[in-house]
Amino acid sequence: MSEKWDFPGSKWWKFDFHVHTPASDDYGREDDSLKNIEEDVWLQQAMLAGLDCVVVTDHNSGGWVDKLKAKNRELRDLETKPEWYRELTIFPGVEVTVADSVNRVHLLAVFDPSCDSQKITAVLGKCGIDSGFGDDKSTSTTTGFVETAKIITARGGIAIPAHIDGKQGLLEDVTSLTPELGKSLEVVFAAEFCDLHKFDNAEQSLKKATDRLARIAGSDAHKPEEIGRHSSWLKMSRPSIEGVKLALMDHEYCVKNQSENPNLLPDVFLSKLTIKDMRHCGRISDQPFVMQMHPHFNAVIGGRGTGKSTVIESIRIVSRRDQNLALEAPRVKERLDKFMNPSHGREGVMLNETELLLEVHRRGKNYQLRWRYDSQGAVLEQQTADGWQAVEVGDLKERFPLSIFSQKQIDELATNPRGLLEVVDRAPEVNRAEWLSRWENIKSQFLQLRERRRELLRQLSGEEQIRAKLKDVENDLKQYEEKGHGEILKQYQKRSQQKNGLPGDEIFDELASDIRELASTAELSDFPDHLFDDQDETTAEIKSIHQQSAQGLEKISESLVQLAENVDALKTQRKTSIAASRWNQAVQASIAAYAGVIKEYQEKQSQLSISVYGEWVQQRNQLQQQLHKLDSVRDEVKTVEKQIDETLKKLLELRTELLEKRRNFLGQVIGSSAFVRMELVQFGDLSTLEDDYRSLLNLEAERFTSSVYDEESRQGLLWPFSQWEGSKTAESDLPQLIATIKTKTNDIANGRGSGKYGGLDKRLKKLLETQPAVFDQLDAWWPEDMLRVKYSKDPSSGKFDDLEKGSAGQKAAAILAFLLSHGDEPLIIDQPEDDLDNALIYDLIVSQIHHNKDRRQLVVVTHNPNIVVNGDSELVHILKFENGQVQIDQQGGLEESSIREAICTIMEGGRKAFDKRYKRITLEV
């Protein structure tokens with residue numbers, strides 16, 4: 001079963017144009033039992049073949065048409081349908097045997113589903129067949145091929161040569177075009193082919209004559225199981241003879257011969273826009289403005305003031321794409337703000353209760369975006385079996401990609417290359433958002449490393465002072481120690497540290513105490529006699545076990561007590577041994593010598609000298625430790641400086657990566673376009689150079705003009721860039737120019753400048769002292785890449801000029817060529833034809849629409865009928881402004897007469913556009 005298609009407008013329908021029933025004498029191909037099959041068996045096979053439409057084409061007969069249509073209606077009306085059932089449209093038809101000269105040629109006649117067998121009988125009678133129905137051997141027309149085809153056409157049908165390249169086909173065994181065959185081919189516009197490529201390499205005139213025909217496939221089924229074995233796909237909004245006629249006439253875009261279902265959905269598309277309670281839209285009681293959309297090409301048309309732009313701007317607002325405008329097209333953003341909000345006595349279109357809803361289909365799931373003027377309600381909901389459920393919003397732009405461009409926006413992009421670069425950067429192939437995340441991470445590392453380097457250098461800046469202090473302390477210690485007291489103090493200090501370092505007696509005391517405490521717990525409680533019966537023979541046994549265990553624990557307790565006494569004895573033995581040791585004698589000697597020194601200084605009343613000596617020793621140790629740490633700091637400085645160079649190199653590599661991504665993307669989407677060329681110059685966008693430089697260094701505008709950039713006197717740090725910008729040459733010199741400016745700025749701040757920059761010298765020096773991180777930001781900055789856009793006045797010439805020299809139409813054509821050349825996300829364009837002549841509209845917009853709409857959704861607001869008609873819009877939305885409200889007048893596909901009539905009425909040149917597309921069909925509108 002095929003996926004249910006719930007979208008208005010055109011879709012692809014699977015057709016079998018050539019199917020027989022038992023009304024044909026040769027049905028069953030010698031299997032006579034098949035002549036007795038029931039209608040529902042026949043229909044079941046057609047439905048199981050996945051057909052949407054089937055043309056019943058018996059030999060010179062319409063005998064089964066009414067029976068099949070009746071049975072099909074009966075199946076459709078069943079409350080409980082068979083599992084194999086699917087919607088099927090039956091086109092009445094007939095395979096006419098035409099007696100043409102010496103040959104008997106088969107010709108299919110196809111009529112509208114509303115017709116019955118009487119139509120077929122009448123057409124056959126007009127062609128001279130009033131008997132022999134079902135026979136193709138002896139029954140034939142009395143009219144020739146051309147006249148028969150004209151009779152079919154005059155009766156509202158379509159004449160299609162059957163198996164044109166096969167047996168009893170019009171071109172069976174034909175290798176060249178005769179005048180008679182030429183006339184026959186001129187009266188038809190489609191044919192059933194056995195081999196779709198039969199005449200690809202035919203004689204030139206024959207190939208030309210067959211190339212204009214729509215090539216369709218039919219099963220020529222004479223058995224139920226053969227139904228649908230060959231089929232074609234036709235595009236229309238609903239099965240009708242008019243829809244089939246238009247599709248076959250426009251076979252390049254509306255006929256496909258393939259087995260795969262072409263009704264494919266883009267990953268993301270808009271399915272419905274709802275506007276409630278806007279000032280001039282959606283305020284009719286219980287009737288909000290609702291526009292259901294097609295997954296592919298939607299054309300929005302209407303007279304002036306019917307609300308076409310309201311639809312586009314509502315989609316922009318509810319999808320939160322208005323936020324892009326500030327960078328891409330600031331003037332358009334200002335106009336949108338005025339559209340939304342009241343100003344200067346003008347009423348805004350939004351009311352406090354205005355609500356916009358946009359349903360979006362994303363990878364098989366349905367979501368709904370909400371925007372309310374009062375900011376109430378969930379922003380994002382997902383459709384579930386229980387209805388709409390609020391879900392996490394996340395990044396709406398990333399989850400639901402969508403591009404919207406008005407003509408004014410396109411105009412602004414043509415004069416704002418940086419805005420156009422923003423469009424490039426949003427492409428998945430570039431994905432600047434992901435790149436920017438990596439850039440900010442590396443930049444953060446760079447800034448942190450710079451800050452760390454400053455901290456390390458601050459530490460190293462005190463090294464000279466530390467070494468001077470150490471030298472003074474060492475001199476004091478040397479003089480002191482030469483008096484003979486140094487060695488005594490050293491020995492005293494050494495022995496004191498040794499004595500203090502030995503374990504004390506506490507460990508023995510604690511261990512003995514812990515053992516004795518453990519011994520006191522080594523006993524069992526008394527046997528619970530009251531719980532046992534002396535008469536029970538088991539009591540004596542368990543009581544004996546208890547007593548044995550108690551006795552065992554008692555012995556263990558005694559052993560633990562003895563062990564504690566052993567610990568006490570070991571402590572006493574250790575103490576006695578230490579006291580008798582030579583080491584203790586040395587300790588006592590150092591104590592006595594130290595006491596003598598103390599006594600000597602006490603007699604001299606110089607107690608302070610002893611205290612100072614200890615401080616000197618402590619200071620020396622501390623200073624030596626500080627110098628040792630500074631050696632590590634010096635090593636770290638080298639490491640950090642290396643890391644700084646590496647991160648700076650990574651930043652440059654990231655800029656080059658972004659440049660290459662942009663270039664590759666432009667190469668892919670623009671390639672060898674005849675309309676536009678786009679080139680990138682790394683760091684070449686100097687339009688905001690002075691503003692960026694001043695912003696980084698906190699330099700107020702209009703100050704330090706002669707030092708920063710003075711156009712009149714042609715001087716300043718940034719003046720060399722104006723010379724480059726004027727020449728448009730030596731693009732490879734830009735990186736060095738930028739590096740030179742950074743070096744000069746740092747030199748001035750560090751006092752290494754020439755002094756010619758006056759007040760700027762003092763300003764930068766002070767800035768370096770108070771905000772050194774500012775110069776880190778400068779070193780991590782480069783100008784944006786410059787996007788050069790060129791256009792071709794004459795696409796056939798291959799010559800391109802700078803876009804700023806072009807006319808409004810040429811600029812619009814160049815930007816449109818780019819916007820329509822890439823992406824899979826829904827693309828919405830408001831009046832792209834403004835400023836374009838008809839040749840550009842057809843060559844550029846219409847051709848790009850055909851390239852785009854199979855892979856993505858398009859919504860185009862237009863006044864030009866060529867875009868709607870020749871772009872083959874799957875769904876036309878016709879707006880009207882009535883009773884003070886924007887409303888949908890009607891929606892439908894191009895084969896619907898009411899839609900065509902509206903196009904011809906509303907759009908100047910509408911009828912001419914239809915004539916251009918359907919060259920030889922007279923459209924009744």
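Any value given below was found using the heavy atoms of this structure, including those in side chains, with hydrogens, waters and symmetry copies removed.
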* Any donor-acceptor pair under 3.5 Å linking the side chain of N746 with the backbone of F775? -> no

* To do: For side chain to side chain donor-acceptor pair (under 3.5 Å), just list the numbers for S687 and D685, CA-CA rounded to whole Å, side-chain angles, deciding distance to a tenth of an Å, and then say yes or no.
  => CA-CA 6 Å; S687 60; D685 186 355; 2.6 Å; yes

* To do: Report the C-alpha distance between D710 and S706 in whole Å, list the side-chain angles of each, state the deciding distance to 0.1 Å, and finish with yes or no for side chain to side chain donor-acceptor pair (under 3.5 Å).
  => CA-CA 5 Å; D710 189 339; S706 61; 5.6 Å; no

* Asked: Does the side chain of Q448 come under 3.5 Å of the side chain of S444 through a donor N or O and an acceptor N or O?
  -> yes

* Full working for side chain to side chain donor-acceptor pair (under 3.5 Å) between Q407 and D411 -> CA-CA 6 Å; Q407 182 55 46; D411 290 343; 2.9 Å; yes

* To do: Could you tell me whether the side chain of S319 and the main chain of I315 form a donor-acceptor pair under 3.5 Å?
  => yes

* To do: Taking all non-hydrogen atoms of both residues into account, name the closest pair between N698 and R763 and its distance.
  => O-NH2, 2.9 Å

* Donor-acceptor side-chain pairing of R316 and Q409 below 3.5 angstrom -> yes

* To do: For R454 and D776, run salt bridge (charged side-chain N to carboxylate O under 4.0 Å, His left out): C-alpha distance rounded to whole Å, both residues' side-chain angles, the deciding distance at 0.1 Å, then the answer.
  => CA-CA 11 Å; R454 279 193 291 275; D776 301 338; 2.8 Å; yes

* Return yes if a side-chain donor-acceptor contact under 3.5 Å exists between K650 and Q445, otherwise no. => no

* Asked: Atom CG in L680, atom CG in L421: separation rounded to 0.5 Å?
  -> 6.5 Å

* Structure fact -> Minimal heavy-atom distance between L697 and T745, with the atoms involved, is CD1-CG2, 3.8 Å

* Asked: What is the ring orientation for W439 with W435, classed by angle as parallel under 30°, tilted 30 to 60°, or perpendicular over 60°?
  -> parallel

* Asked: Going by an N to O cut-off under 4.0 Å, is there a salt bridge joining D374 and R372?
  -> yes

* **Crowding at CD, E455 (>12 non-hydrogen neighbours, <6.0 Å)** => yes

* is_close_aromatic(F800, Y791), centroid dist under 6.0 Å -> no

* Count the heavy atoms belonging to other residues, nucleotides or ligands that lie under 6.0 Å from CD of E657, then report whether that count exceeds 12. => yes

* Asked: Below 4.0 angstrom, N of the basic side chain to O of the carboxylate: do R663 and E660 qualify?
  -> yes

* Asked: Is the number of heavy atoms from other residues, nucleotides or ligands within 6.0 Å of NZ (K742) greater than 12?
  -> yes

* **Neighbour count >12 (heavy atoms, 6.0 Å) for atom CZ, R458** => yes

* Asked: Within the distance-only criterion (no hydrogens, no angle test), does the side chain of R399 pair as donor or acceptor with the backbone N or O of V393 below 3.5 angstrom?
  -> yes

* Apply side-chain contact (heavy atoms from CB on, under 4.5 Å) to the pair R655 and D785, showing each step before the final yes or no. => CA-CA 9 Å; R655 283 299 302 266; D785 298 337; 3.0 Å; yes

* Quick one: does T688's side chain have a donor or acceptor within less than 3.5 Å of a partner on D691's backbone? -> no

* To do: Using modelled atom types only, decide if a donor and an acceptor are shared between the side chain of S437 and the backbone of A433 within a distance under 3.5 Å.
  => no

* Asked: If you look at every heavy atom in I644 and F446, which pair is closest and at what distance?
  -> CG2-CE1, 3.7 Å

* May I have the step-by-step check of side-chain contact (heavy atoms from CB on, under 4.5 Å) for L819 and I410, ending in yes or no? => CA-CA 9 Å; L819 296 177; I410 292 170; 4.1 Å; yes

* Asked: How would you list, by chain and number, every residue that makes a salt bridge (charged side-chain N to carboxylate O under 4.0 Å, His left out) with D747, sequence neighbours excluded?
  -> R752

* Should D802 and R788 be marked as a salt bridge (charged side-chain N to carboxylate O under 4.0 Å, His left out) after you check the CA-CA gap, both sets of side-chain angles, and the distance that decides it? -> CA-CA 7 Å; D802 288 337; R788 281 182 182 161; over 6 Å; no

* S695 side chain to D692 backbone, donor-acceptor under 3.5 Å -> no

* Kindly check if the number of other-residue, nucleotide or ligand heavy atoms within 6.0 Å of CD (E392) is above 12? => no

* Asked: Which distance, rounded to the nearest 0.5 Å, do you find between the CG of L734 and the CE of M786?
  -> 8.5 Å

* Taking every non-hydrogen atom, the tightest pair across V846 and I867 -> CG2-CA, 4.2 Å

* Do the side chain of K443 and the main chain of W781 share a donor and acceptor less than 3.5 angstrom apart? -> no

* Under 3.5 Å: donor-acceptor pair, side chain of R856, backbone of E825 -> yes

* Asked: More than 12 non-hydrogen atoms from neighbouring residues, nucleotides or ligands closer than 6.0 Å to CD on E700, yes or no?
  -> yes

* Would the number of heavy atoms belonging to other residues, nucleotides or ligands and lying under 6.0 Å from NE2 of H851 be above 12? -> no

* **Distance in Å, S406 OG paired with D830 CG, rounded so as to fall on 0.5 Å steps** => 6.0 Å

* CA sep, side-chain torsions, deciding dist, call: E434, R438, salt bridge (charged side-chain N to carboxylate O under 4.0 Å, His left out) -> CA-CA 7 Å; E434 183 277 333; R438 290 186 287 129; 2.8 Å; yes

* **Verdict with reasoning, D631 to R634, per salt bridge (charged side-chain N to carboxylate O under 4.0 Å, His left out)** => CA-CA 5 Å; D631 289 337; R634 219 179 332 271; 2.8 Å; yes

* Given side-chain contact (heavy atoms from CB on, under 4.5 Å), test V860 with F297 step by step and report yes or no. => CA-CA 8 Å; V860 180; F297 179 24; 3.7 Å; yes

* To do: Could you walk me through whether R320 and V379 pass side-chain contact (heavy atoms from CB on, under 4.5 Å), step by step?
  => CA-CA 10 Å; R320 277 67 177 181; V379 172; 3.6 Å; yes

* Asked: Would a distance-only check, ignoring hydrogens and angles, find a side-chain to backbone donor-acceptor pair under 3.5 Å from Q857 to L827?
  -> no

* Between E769 and K765, is the closest basic N to carboxylate O distance under 4.0 Å? -> no

* Asked: Is any side-chain N of the basic residue among K408 and E412 closer than 4.0 Å to the acidic one's carboxylate O?
  -> no

* Nearest 0.5 Å please: distance from the CG atom of L666 over to the NE2 atom of H822. => 9.0 Å

* Should the heavy atoms of other residues, nucleotides or ligands under 6.0 Å from NZ of K661 be counted, would the total exceed 12? -> yes

* Asked: Is there a donor-acceptor contact under 3.5 Å from the side chain of W782 to the main chain of I738?
  -> no

* Among R452, R453, R450, salt bridge (charged side-chain N to carboxylate O under 4.0 Å, His left out) partner for E641 -> R453

